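The shown structure was predicted, so the numbers you read here are calculated from the model rather than taken from an experiment. Here is the naming used below: chain letters follow the sequence lines, and residue numbers restart at 1 for every chain.
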2 protein chains.
Amino acid sequence: MNDAHFDIDVGARLRDLRLKQGLSQRALAKRAGVSNATVSMVEANRVSPSVSGLRQILAGIPISLGEFFAGPPGDREQVVFRADELKEIAGGPISFRQVGANLEGRALQMIHERYRPGAESGKAMLSHQGEEAGLVIRGRMLLEVAGIRHELGPGDAYFFDSRKPHAFRNIGEGELELVSACTPPSF
Amino acid sequence: MNDAHFDIDVGARLRDLRLKQGLSQRALAKRAGVSNATVSMVEANRVSPSVSGLRQILAGIPISLGEFFAGPPGDREQVVFRADELKEIAGGPISFRQVGANLEGRALQMIHERYRPGAESGKAMLSHQGEEAGLVIRGRMLLEVAGIRHELGPGDAYFFDSRKPHAFRNIGEGELELVSACTPPSF
DNA sequence: TAAGAGTGTTCTTTATATTGAACACATGAA
DNA sequence: TTCATGTGTTCAATATAAAGAACACTCTTA
C-alpha cells in the first residue's frame, strides 16, 4: 500500500538522538516531562507514539518534529563532487549542475546554475513546499517572487518559501552564474 | 520550557494539504485506508494522531512525515538580500555572511564564506543532525570529513551528513570563497 | 558478600486514538 | 416536494498509547 517512502524507524532514531546527547531514558523522560516507560516503549517500537507525545519527548532533546523526521539519509558516501562530475539536470540555454547524483531521501539539494543571456526558468505555483536560497556569482539576474521583481548582481542573494510562484531570468549581457540550494529537493 | 519551536498545527496543515489535492475527507480516508472520522478528528485537532496513524493518512496524499513537518515557516517576507546586507556571523580570518537575518523556524541556511589564506574552521562532532553542501567559487580548499581529506578547487562541491566530524581550511595562496548551505540551520 | 544507584524492561491501570455507524446539512435531479 | 448523493461532524465501542510501580540487571563501593 505504501510507496518506498523511507519508513523511518522512529524508535531507533529516538534512541540514536538520545544517546548522542548522553542522556539516559530516565534523564530524557524527566527533561521532557514523560515517563521513562514511554521512552522505553517508543525506542523499542512497541508503540507508535502520538504526535503530541513524540513532540513532548523531543522537547527534551531538544529537537523539532521537523528535524526529527528530516531524518537520517542513511549513509550515503560520496562527499566530494568534482566540477566536471556535477550531474547535469537541465539542458539548452540553462545549465543546472547538481551536487550529488541521487538525492533520494535527502533533505538538501544544491545546484550550480548557469543561464545564457536571456535564458529563463519559470516555475509556476509549486505545490511542493519547502524553502530555497541562492547567491549570484556572476552576471545579472531578474528574480520574480509572488509577482514582485528583483534585480540581483554578484554577491546578492535570495531566500524564499518555495510555494510562492517564482521565476529566474538572466538579464545581463554575459552569462549568469549562481549557486542555489533548496530543501527538500524539488526534482 | 520549550523554545519558540513553531508548534505546527497538525490539523490545519493536514486540511490544507488535503484541499490542495482536491480530496474530500472520505476520499483521502479511502486512499489512506483509514476512517473518515479519523481524518475529521485530526483536522479538527480533537485528537493528536499516533505517528503511525498520521503516516497512514499522509500516504494518501501522498507526502512523507518529513515533508509534512518540514512545515510552513510562516510567511517571512524579505526575499532579496543585497551583497552588503548579508549578515556577518563570524569574524577574523573567516567571513561567514548569511543569507537572511533570522532563521528561527526555517529549514534552510545559506552562507557566503570567505577564508583568508591558512584560515580554518573546524567543527568537531556535531550533535545536531542534518546535511550540508557547498560549492567552491574561488581558491583552494582542504575539506576533511570523517577523517578523510579532500582538496577542492573552483567549481568543485561537497555534500555530506552534518553529523560526521568535519573541518574546512584554505590551502591556497589567495582568498578562498565558497557558497554553502545546510539544513537545518546549524547556528 | 551486601547495599546502593544506575541502567533498560515489563507489568496493570488509565487516558486517548480510532473505528463504524448514525447524524445534520448541503446540492442537484426527477 | 422527495430522493439520491455529496460534504463534514458526532457518538458509543474498541484498540492502543501513556503513566506509575515493580522488576531484572549491571555497575561501584563498602
Side-chain angles (χ1 to χ4, degrees), chain A residues 1-3 5 7-69 71-72 127, chain B residues 1-2 5 7-69 71-72 127 129:
Chain A
M1 187 106 318
N2 242 334
D3 18 323
H5 262 167
D7 243 8
I8 181 174
D9 180 342
V10 173
R13 179 135 177 71
L14 175 58
R15 171 158 292 173
D16 190 49
L17 289 167
R18 174 176 63 81
L19 294 177
K20 277 213 176 65
Q21 298 295 333
L23 296 171
S24 69
Q25 288 184 344
R26 280 180 168 82
L28 172 57
K30 187 171 183 182
R31 288 172 55 161
V34 300
S35 75
N36 60 302
T38 300
V39 175
S40 176
M41 294 292 218
V42 171
E43 288 191 355
N45 282 321
R46 294 172 59 83
V47 298
S48 179
S50 70
V51 168
S52 57
L54 181 58
R55 165 157 50 212
Q56 190 80 14
I57 294 172
L58 295 180
I61 297 225
I63 191 181
S64 73
L65 284 163
E67 292 167 298
F68 183 85
F69 286 110
S127 65
Chain B
M1 188 107 319
N2 241 336
H5 264 166
D7 244 7
I8 181 174
D9 180 342
V10 173
R13 179 136 178 71
L14 175 58
R15 171 158 292 172
D16 189 50
L17 288 167
R18 173 176 63 80
L19 294 177
K20 276 208 178 69
Q21 297 295 331
L23 296 171
S24 69
Q25 289 184 344
R26 281 181 166 82
L28 172 57
K30 186 171 183 182
R31 288 171 57 159
V34 300
S35 75
N36 59 302
T38 300
V39 176
S40 176
M41 294 292 215
V42 171
E43 288 191 355
N45 282 321
R46 296 171 58 83
V47 298
S48 178
S50 71
V51 168
S52 57
L54 181 58
R55 165 158 49 212
Q56 190 80 15
I57 293 172
L58 295 181
I61 296 220
I63 190 180
S64 72
L65 284 163
E67 292 168 297
F68 184 84
F69 285 110
S127 63
Q129 48 76 30

Task: Value in whole Å for how far the P atom of C:dA26 lies from CD of B:Gln25 - done: 16 Å

TODO: Please state how far atom CZ in A:Arg55 lies from atom P in D:dA18, giving the value in whole angstrom units.
DONE: 13 Å

- [ ] Give, for atom CG of B:Leu28 and atom CZ of B:Arg15, the distance between the pair rounded to the nearest 0.5 Å.
- [x] 11.5 Å

Open item on the list: In this structure, how many angstroms lie between the P atom of D:dA18 and the CD1 atom of A:Ile57, rounded?
Closed with: 7 Å

- [ ] Treat primed atoms plus P, OP1 and OP2 as sugar-phosphate and everything else as base, then score nucleotides 10-22 of chain C 5' to 3': B for base contact with protein heavy atoms under 4.0 Å, S for sugar-phosphate contact only, - for none.
- [x] BB-----SBBB-B

TODO: Mark yes or no for whether A:Asn45, through its side chain, and A:Gly11, through its backbone, hold a donor-acceptor pair below 3.5 Å.
DONE: yes

Open item on the list: A:Phe68 vs A:Ile61, test: side-chain contact (heavy atoms from CB on, under 4.5 Å). Steps then yes/no.
Closed with: CA-CA 10 Å; A:Phe68 183 85; A:Ile61 297 225; over 6 Å; no

Open item on the list: Any side-chain to backbone donor/acceptor pair from A:Arg46 onto A:Met41? Under 3.5 Å, distance only.
Closed with: no

TODO: Start with the C-alpha gap between B:Leu58 and B:Leu14, add the side-chain angles, then the distance that decides, and say whether side-chain contact (heavy atoms from CB on, under 4.5 Å) holds.
DONE: CA-CA 8 Å; B:Leu58 295 181; B:Leu14 175 58; 4.1 Å; yes

- [ ] Would you mind reading off the distance between A:Lys30 atom NZ and D:dA19 atom C1', rounded to a whole angstrom?
- [x] 17 Å

- [ ] Report yes if at least one side-chain N or O of A:Arg15 is closer than 4.0 Å to OP1 or OP2 of C:dT7; otherwise report no.
- [x] no

- [ ] Please check if the side chain of A:Gln56 supplies one atom and the backbone of A:Ala32 the other of a donor-acceptor pair under 3.5 Å.
- [x] yes

